[in-house]
Amino acid sequence: MLKIGVIGTGAIGQEHIERLHNKLVGSTVVAVNDINKAQAEEVARRLTPTARVFENGHDLVADQNVEAIVVTSWGPTHEEFVLAAIAAGKPVFCEKPLATSAAACLNIVNAEVASGRHLVQVGFMRRYDKSYRLLKQQIESGNLGEPLMVHCAHRNPNVPDVYGGDMAITDSFPHEIDVLRWLLDDDYVSAQVIMPRKTKHARKDLDDPHMILLETRKGVRIDVEVFVNCPYGYDIQCQVVGEDGVGYLPEPMSVLLRKDTKLSHEILQDWKLRFIDSYDVELQEWIDSVKMGVVRGPTAWDGYFAAVTADACVEAKHSGGVVPIEIGERPAFYAACAFKPA
Ligand code: NAI
Ligand code: NAD
Ligand code: ISE
């Protein structure tokens, strides 16, 4: 059994503790921590009663009984806990974003390379999603011809009060940044952000929606609508327009109903359900790979690339211009752990 310590017992922390302790094979949660101690104690009692509740994340990382770390605290805290795990020589799965700025992600990349071991995996779970994998197969088979354009939407029904500032770009959009780069096997060269009319459903201090435009090295043009107060539900759309055909991301499975004069499908309301299988596959593969001593999932470099892109998008939003995305060569260290689905 891989003995795991989880830092952050909020929304996704609770989801991951449940799957790591009670659902997946080969792991057990032996330690938890949250800055909100009462919540950590309540979560431990309910989901993993024998786990030790730590006063702070650093003590948890250092504890001899903890073999691997999962970081599910707020984004701004990720850097310090991932760096602590690397310093302790322990594998660490960190929810996206790896950190909230490119500079912070680069600190992690540099620390990992200096340690000489692949210890970091980032929670970009869409790469494990069956529907994205089917779409990727269509692209890679050549069935669509060369991709020319990609149209996407990332719609949430609502967001918590702590979701503010540019989090549409730094917290929601990183999923598209990562999965589209993986889907197209391409990198980005520029970003632009256009602000449509604001929805009446958004809080006064929150900009919503955003329209984000990316250009890739191969010349593919991508547009992504990020709309986090979309009253009808949680809806992730992706359409790849190729030279010879158009591929659509499959919709989540649901029963087609003929009822009350309508022909309808249910629309999901919650990100936890839309990607429930992907989180399971992602973390099961992480557990298995940690035990084998080879971390195979999205790397700290992927997390860094996402942060460089997000930073460029934030700059583009505030300047109104087209901002180049410049990133140096990927260190050879990361070539060996390019993502390979099991
Ligand atoms: P949340 O706000 O529900 O939970 C965050 C938890 O971190 C809170 O319980 C908070 O008390 C704790 N925390 C904050 N600072 C801490 C510190 N210094 N030490 C220990 N605990 C601390 O947030 P949520 O939605 O669970 O998100 C957490 C992370 O997971 C974020 O990075 C988010 O982007 C990511 N996430 C990823 C998703 C995915 O689909 N992969 C979905 C939802 C969240
Ligand atoms: P949340 O606010 O529900 O939980 C965050 C928790 O972190 C809170 O309980 C908070 O008290 C705790 N925390 C904050 N600072 C801490 C610290 N210094 N030490 C310990 N705990 C601390 O947020 P969430 O929705 O669970 O999101 C958490 C992370 O997961 C974010 O990075 C988010 O982007 C990511 N996330 C990913 C997905 C996904 O689909 N992969 C979905 C949701 C969230
Ligand atoms: C959240 O943090 C996630 O990661 C969800 O998957 C995403 O859809 C949501 O917009 C983010 O806030």
Side-chain angles (χ1 to χ4, degrees), residues 5-19 31-44 53-61 69-82 84 93-100 104-105 121-129 132 152-179 206 208-210 224-230 233-237 268-283 286 297-298 303 306-307 310:
V6 178
I7 302 176
T9 55
I12 201 159
Q14 294 176 37
E15 292 289 307
H16 286 351
I17 289 170
E18 171 67 11
R19 51 174 60 87
V32 297
N33 158 259
D34 197 293
I35 201 167
N36 176 349
K37 191 166 181 225
Q39 179 193 254
E41 285 170 343
E42 185 281 320
V43 170
V53 179
F54 280 79
E55 288 287 334
N56 76 69
H58 292 278
D59 292 344
L60 176 149
V61 170
I69 322 293
V70 169
V71 178
T72 47
S73 47
W74 293 325
T77 66
H78 290 183
E79 180 190 11
E80 60 168 306
F81 294 129
V82 174
F93 175 94
C94 179
E95 262 306 337
K96 44 60 55 179
L98 175 59
T100 44
C105 290
Q121 178 167 327
V122 184
F124 286 130
M125 78 295 175
R126 290 196 193 177
R127 297 189 190 198
Y128 298 84
D129 183 64
Y132 274 106
C152 300
H154 184 144
R155 302 192 184 119
N156 289 52
N158 48 53
V159 282
D161 288 347
V162 291
Y163 187 106
D166 291 316
M167 280 179 75
I169 295 172
T170 59
D171 195 69
S172 297
F173 185 54
H175 285 299
E176 271 76 21
I177 298 178
D178 183 71
V179 83
L206 188 69
D208 190 43
H210 290 65
V224 183
E225 165 206 318
V226 182
F227 181 18
V228 298
N229 289 275
C230 170
Y234 186 75
D235 191 13
I236 302 299
Q237 297 288 325
L268 294 174
Q269 298 299 310
D270 194 336
W271 51 262
K272 292 178 197 124
L273 296 178
R274 170 64 181 85
F275 290 107
I276 191 164
D277 297 335
S278 324
Y279 297 122
D280 288 350
V281 177
E282 168 192 56
L283 283 170
W286 178 71

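Whatever order the structure lists ligands and atoms in, that order sets their numbers, starting from 1. All residue numbers refer to positions in the sequence shown, counting from 1.
Here is the list of ligand 3 atoms found below 4.0 Å of a heavy atom in N156: 8 (O), 9 (C), 10 (O). If you number the atoms of ligand 3 from 1 as listed, the ones under 4.0 Å from a heavy atom of H175 come out as 3 (C), 4 (O), 5 (C), 6 (O). Below 4.0 Å from some heavy atom of Q39 lie the following atoms of ligand 1, by number and element: 9 (O). For ligand 1, the atoms lying closer than 4.0 Å to a non-hydrogen atom of G123 are 41 (N). In summary, the atoms of ligand 1 found under 4.0 Å from a heavy atom of K96, numbered by their order in the structure, are 31 (C), 32 (O), 33 (C), 34 (O), 35 (C), 36 (N), 37 (C), 41 (N). Counting atoms of ligand 2 from 1 in the listed order, those under 4.0 Å from a heavy atom of D171 are 33 (C), 34 (O). Each of the following atoms of ligand 2 lies closer than 4.0 Å to a heavy atom of I7: 20 (C). Here is the list of ligand 3 atoms found below 4.0 Å of a heavy atom in K96: 1 (C), 2 (O), 3 (C), 4 (O). Residue-ligand proximity, N33 to ligand 2, at heavy-atom distances under 4.0 Å covers atoms 19 (N), 20 (C). Ligand 2 places these atoms under 4.0 Å from at least one heavy atom of I35: 11 (O), 13 (N), 14 (C), 15 (N), 16 (C), 17 (C), 19 (N), 20 (C), 21 (N), 22 (C). For ligand 3, the atoms lying closer than 4.0 Å to a non-hydrogen atom of Y234 are 6 (O), 7 (C), 8 (O). Ligand 1 places these atoms under 4.0 Å from at least one heavy atom of P97: 32 (O), 34 (O). In the vicinity of Q39, heavy-atom distances shorter than 4.0 Å reach the ligand 2 atoms 9 (O). Atoms of ligand 1 lying under 4.0 Å from any heavy atom of H78, numbered from 1 in the order shown and given with element: 32 (O).
Residue, atom and distance of the protein heavy atom nearest to atom 28 (C) of ligand 2 are T72 O, 3.4 Å. The shortest contact between atom 10 (O) of ligand 3 and any protein heavy atom is with S172 OG, 2.6 Å. Scanning the protein heavy atoms around atom 28 (C) of ligand 1, the nearest turns out to be T72 O, 3.2 Å. Closest to atom 25 (O) of ligand 2 among all protein heavy atoms lies A11 CB, 3.6 Å. Of all protein heavy atoms, the one closest to atom 25 (O) of ligand 1 is A11 CB, 3.7 Å. Atom 41 (N) of ligand 1 has E95 OE1, 2.9 Å as its closest protein atom, hydrogens excluded (heavy atom only). Counting only heavy atoms of the protein, atom 30 (O) of ligand 2 lies nearest to I12 CG2, 3.2 Å. For atom 9 (O) of ligand 2, the nearest non-hydrogen atom of the protein is D34 OD2, 2.6 Å. When hydrogens are left out, the protein atom nearest atom 2 (O) of ligand 3 is D171 OD2, 2.7 Å; that is the closest non-hydrogen contact. Here the heavy atom of the protein found nearest to atom 21 (N) of ligand 1 is I35 N, 3.1 Å.
By the 4.0 Å heavy-atom criterion, Y279 is counted among the residues contacting ligand 2. The shortest separation from a heavy atom of G57 to ligand 1 is not under 4.0 Å, leaving the residue out of contact. For the pair H78 and ligand 2, a heavy-atom separation below 4.0 Å is found. By the 4.0 Å heavy-atom criterion, H175 is counted among the residues contacting ligand 2. Remark: distances from the non-hydrogen atoms of P97 to ligand 2 include one below 4.0 Å. Using a non-hydrogen distance threshold of 4.0 Å, E80 does not register as a contact of ligand 1. A heavy-atom separation below 4.0 Å is found between G123 and ligand 2. Assignment of F275 to the shell around ligand 3 is not supported, since no heavy atom sits closer than 4.0 Å. At least one heavy atom of W74 sits less than 4.0 Å from an atom of ligand 2.
Between P298 and Y128 the shortest heavy-atom distance is CD-OH, 3.4 Å. A pairwise comparison of heavy atoms in E176 and C152 identifies CG-CB, 4.5 Å as the closest pair. Taking both residues in full, the closest heavy atoms of V53 and A44 are given as CG2-CB, 3.8 Å, listed atom of the first, atom of the second, then distance.
In the candidate list V162, I12, N33, T77, I12 is nearest to atom 36 (N) of ligand 1, counting heavy atoms. Residue H154 holds the heavy atom nearest to atom 7 (C) of ligand 3 of all those in R126, H154, M167, M125. Checking S73, G10, G57, G8 against atom 29 (C) of ligand 2, the nearest heavy atom belongs to S73. When the heavy-atom distances from atom 33 (C) of ligand 2 to K37, K272, K96, E95 are ranked, the shortest goes to K96. Remark: among candidates F54, F81, W271, F124, the nearest residue to atom 43 (C) of ligand 2 is W271, based on non-hydrogen atoms. One option in W74, F124, Y163 has a heavy atom closer to atom 5 (C) of ligand 1 than any other, and that option is W74. Around atom 22 (C) of ligand 1, the closest heavy atom drawn from S73, G10, P174 belongs to S73. Summarising the contacts of atom 40 (O) of ligand 1 with F275, W271, Y279, the nearest heavy atom is found in Y279. The residue among D171, D34, L60 with a heavy atom at the shortest distance from atom 10 (C) of ligand 1 is D34.
In terms of polar-atom proximity, defined here as any N/O pair under 3.5 Å, W271 makes no such contact with ligand 3. Inclusion of I7 in the set of residues having an N or O under 3.5 Å from an N or O of ligand 1 is not warranted. In terms of N/O distances under 3.5 Å, ligand 3 is not approached by Y279. The N/O atoms of F81, backbone and side chain alike, include none that comes under 3.5 Å of an N/O atom in ligand 1. The shortest N or O to N or O distance between M125 and ligand 1 is not below 3.5 Å.
Aromatic ring orientation, F93 versus H16: perpendicular (interplanar angle above 60°, classes split at 30° and 60°).
Counting heavy atoms closer than 4.0 Å to ligand 1, residue H175 contributes side-chain atoms (C-beta onward) but none from N, CA, C or O. At a 4.0 Å heavy-atom cut-off, ligand 2 touches T77 through the side chain alone.
The pair R155-E225 meets the salt-bridge criterion, with a side-chain N (NZ, NE, NH1 or NH2) lying under 4.0 Å from an Asp/Glu carboxylate O.
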Apply side-chain hydrogen bond (donor to acceptor under 3.5 Å, both in side chains) to residues R126 and Y132 and explain how you reach the verdict.
CA-CA 7 Å; R126 290 196 193 177; Y132 274 106; 3.0 Å; yes
Full working for side chain to side chain contact (heavy atoms under 4.5 Å, CB included) between D235 and C230
CA-CA 9 Å; D235 191 13; C230 170; 6.0 Å; no
Chi angles and distances behind the side chain to side chain contact (heavy atoms under 4.5 Å, CB included) call for K96, D178:
CA-CA 10 Å; K96 44 60 55 179; D178 183 71; over 6 Å; no
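For the pair Q14 and Q39, the minimum side-chain heavy-atom distance is below 4.5 Å.
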